[in-house]
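Numbered from 1 within each chain, the chains take letters A, B, ... in sequence-line order.
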There are 2 protein chains.
Amino acid sequence: MIMDKDKIDKKDHILDVAERVFSEKGFDGASTRLISGEAGVNMAMLNYYFGSKEGLFLEIFERKISSFQNILQNLGNDDSMSSWSKMETYIDMYGEKVVRNNCFQKLLYQEMGMNRRNDLSDKLRDMLLKNVTELDKILREGIAKGEFKTDIDIPMVIATLYGTKNYIINTPLMSSALLGYSIQDDDMIETKLKPQIKSFMKNLLKAYLLN
Amino acid sequence: MIMDKDKIDKKDHILDVAERVFSEKGFDGASTRLISGEAGVNMAMLNYYFGSKEGLFLEIFERKISSFQNILQNLGNDDSMSSWSKMETYIDMYGEKVVRNNCFQKLLYQEMGMNRRNDLSDKLRDMLLKNVTELDKILREGIAKGEFKTDIDIPMVIATLYGTKNYIINTPLMSSALLGYSIQDDDMIETKLKPQIKSFMKNLLKAYLLN
DNA sequence: TTACTTTAATCAATCGTTTGATTAATTTTG
DNA sequence: CAAAATTAATCAAACGATTGATTAAAGTAA
């Protein structure tokens, strides 16, 4: 139905705007008036659609969580690839995600940091852990097959992989000064940052993991 | 004078409390009533001492910035140490800081992320860059001396070092699940996390940097 | 009509800030 | 010295503004 389609599109549009505004201002800093204003809808619509500000906030995550489900699957079960090839594939995929979902990533780790809304924090942790599990599987397999060193610190490798990316994304001012080019610029991200992250991460982990 | 001492102590006490509350709730989430309540002072004292909520917020950083000045100095100028020894020393010092200033670190990178208050963001960036410069110097020297590989990516190494630490500190829920022990527990941080971070970072960078 | 959507107006609560009064400490004056 | 004047510190109460939320009425489509 046309109505339903419009309704869904409008909800989705509000969610898109809210995601950006929340990531820019934080939960408390983003007022419902600002969000509704930027989305071009009446303030009451937020409560009409999402019940409350917190409901809107939660739905942003719900939407992403469900879209995250089918990513990175079955990479660990492929027996035709070497563990290191799997790692390279993982790094490439993760490097691509650097740009996409940029402001959601910011919002995600911002929320993970302040651990109010404990039910949500737990959900997000589980969601991220699911992504991490695949990586964990690859690393364990590499060790078992004798491809990787036996004394590698798996949790720390994961922390390094995600921490490096977050550091760059979440502190663009700092990172731009560090890297020598603006990572606020989409073109720069595409042509310089993404290749640089992928290349570095492969070299770094190759040196640490491989025998 | 007795007066001045008390006054300074009280201001410092407010700053300590505010630092913690801001890091827990964010700037907008931390109300002046909550901060003054936790500090055990009248609400009006915040404005009396710091002019405004933002003034209080800024002074937290001013205080830390000045205390950061004399740290990490002259490490790069020591010619008796190898570049790698300097790196190890740097990692140890940075590992020690993981616990200390824990909530300030959180506050710092939280503020760097949301880049309103642009004047402050620039100050913080410069302050962090000053810390980073020392590390940069060590890395360049190591390359020049032939101790390190010639093709290392200095900015990314720095991002990895700080990113890994931030990831662990800023997402305690996630990291605890990942590492297998609670990093909310001070004792665990001291006995397990600190050694693990130091050891891992040395092994990781040794593999990447050294010939 | 009936059911759903959107709007402007309004709500109580909370926000950061300011006020005037009061007390405590310091300096000035005689 | 002591009395008076000045300054600093602290407080409860209240301010206007803004918050998230709700309402009742108007609009829209079937």
Nucleotide-resolved protein contact map, nucleotides 10-21 of chain D, B/S/- at heavy-atom distance under 4.0 Å: BBBBB----BBB
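Aromatic rings of B:Tyr162 and B:Tyr109 (six-membered ring for Trp) have centroids beyond the 6.0 Å cut-off, not under it. Ring pair A:Tyr208/B:Tyr208: centre-to-centre distance not below 6.0 Å. Taking the six-membered ring wherever Trp is involved, the centroid distance between the rings of B:Tyr94 and B:Tyr90 does not fall below 6.0 Å.
Atom C1' of nucleotide C:dT17 and atom CG of B:Leu56 are separated by 14 Å, given to the nearest angstrom. Rounding to whole angstrom units, CG of residue B:Leu46 and P of D:dA9 are separated by 15 Å. Between the NZ atom of A:Lys11 and the P atom of C:dT6 there is a distance of 12 Å, rounded to whole Å.
Within 6.0 Å of NZ in B:Lys25 there are 12 or fewer heavy atoms belonging to other residues, nucleotides or ligands. The local environment of NZ in B:Lys198 is crowded, with over 12 non-hydrogen atoms from other residues, nucleotides or ligands closer than 6.0 Å.
For B:Phe50, the ring-ring contact (aromatic ring centres under 6.0 Å, His included) criterion is met by no residue, not counting sequence neighbours.
Taking the side chain as every heavy atom from C-beta outward, B:Ile35 and B:Phe22 approach each other to under 4.5 Å.
Between the axis at the start and the axis at the end of the helix from C:dT1-D:dA30 to C:dG30-D:dC1 there is an angle of 20°, using five pairs per end and rounding to 10 degrees.
Between the side chains of B:Thr164 and A:Thr160, at least one donor N or O sits under 3.5 Å from an acceptor N or O.
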